[in-house]
Amino acid sequence: MKILKSTKTKLGNEIQLIGSENSKPILVIGVFHGEEPQGKFLIDEYLKTHSSNLLFIPCLNPDGMQFGKRTNANDVDLNRNYPTKNWQLTEKNEFFGGESPASEIETKFMVEVLEEYQPELILTLHAPFKIVNYDGPAKEIAEKIGQIINYPVEASIGYPTPGSFGTYCGVERNIPTITLELDEKIPVQDLLKPVHEIFDML
């Protein structure tokens, strides 16, 4: 595994795409939201003990994680900043989607990765809802993931998400896109076994 692509954030932190030249077109992403650090821990631990042919972005929002907040350094929710048909200019709260679509360094990096590596399946690791949410033609793989981790599978997260990554990839580009919402009420170490089993299954 090596760094295939990287960029620096507003605060100088590095976002890395990790993989190999023969990686499968399957992308796993951690830490869209800085107060949801579980994804980075689970990916980092996996890569310590497994050789993998997946593509990983362990932490998409290192600036947010540095301060334990949902948004990036510009106070933008990265999961509302994608150039989708339903993107909206919203009030400046924790769900603020930016002044314009794809305004953020992190979003631009993600869009470049998608264009360059053309993933055929995407898994993002979030918290805290304890469900497997999916967009696009991903019901079958979502159900397999749900069986492994014993979470319900839901096509809708239950509230509007204008400018979301799932809409951008799953709905508008027909890429099977899974949002695995992890249980934040249990120690993250207890998620190692099921989540690593999911990675192995992909």
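The model shown is predicted, which means the values in this text are computed figures rather than measured ones.
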(Q) Is there a side-chain contact (heavy atoms from CB on, under 4.5 Å) between Leu4 and Ile18? Walk through the geometry before answering. (A) CA-CA 6 Å; Leu4 300 175; Ile18 298 170; over 6 Å; no

Q: Hey, could you give me the CD/CD distance between Glu143 and Glu140, rounded to the nearest 0.5 Å?
A: 7.5 Å

Q. Do Lys92 and Asp75 sit within salt-bridge range, that is, some charged N less than 4.0 Å from a carboxylate O?
A. no

(Q) Arg70 and side chain to side chain donor-acceptor pair (under 3.5 Å): which single residue from Asp77, Asn79, Asn93 fits? (A) Asp77

Q. Just checking, Arg173 and Tyr168: is the charged tip under 6.0 Å from the six-membered ring centre and within 45° of the axis?
A. yes

**Q.** Short N-O contact, Glu172 and Lys85, less than 4.0 angstrom
**A.** no

Q: Specify whether Tyr46 and Phe199 have parallel, tilted or perpendicular ring planes, treating 30° as the upper limit for parallel and 60° as the lower limit for perpendicular.
A: perpendicular

**Q.** Residue pairs fulfilling salt bridge (Lys or Arg N to Asp or Glu O under 4.0 Å) with at least one residue in residues 47-68, sequence neighbours excluded
**A.** Glu45-Lys48

Q. Judged by modelled atom types alone, do Ser6 and Glu14 share a side-chain donor-acceptor pair under 3.5 Å?
A. yes

Q. Is it true that Glu116 and Lys5 make a salt bridge, defined as a side-chain N closer than 4.0 Å to a carboxylate O?
A. yes

Q) More than 12 non-hydrogen atoms from neighbouring residues, nucleotides or ligands closer than 6.0 Å to NZ on Lys130, yes or no? A) no

Q) If we only count heavy atoms from C-beta on, is the Leu180 to Thr124 side-chain gap below 4.5 Å? A) no

Q | Flag for Glu181-Asn133: side-chain donor and acceptor within less than 3.5 Å | A | no

Q. Can you list the steps and then say if Ile122 with Phe165 is a side-chain contact (heavy atoms from CB on, under 4.5 Å)?
A. CA-CA 10 Å; Ile122 302 169; Phe165 184 71; 3.6 Å; yes

**Q.** Test side-chain hydrogen bond (donor to acceptor under 3.5 Å, both in side chains) applied to Thr167 and Asp135, step by step
**A.** CA-CA 7 Å; Thr167 299; Asp135 293 282; 5.1 Å; no

(Q) Looking at Glu21 and Lys2, is any side-chain nitrogen of the basic one under 4.0 Å from a carboxylate oxygen of the acidic one? (A) yes

Q: Measure up the His126 and Phe32 rings against each other and bin them: parallel (under 30°), tilted (30 to 60°), perpendicular (over 60°).
A: parallel

(Q) Looking at Thr84 and Trp87, would you say the former's side chain and the latter's main chain have a donor-acceptor pair under 3.5 Å? (A) yes

Q) Step by step, would you call Asn53 with Ser23 a side-chain hydrogen bond (donor to acceptor under 3.5 Å, both in side chains)? A) CA-CA 4 Å; Asn53 58 353; Ser23 289; over 6 Å; no

(Q) Side chains of Asn72 and Lys10: any donor to acceptor distance under 3.5 Å? (A) no

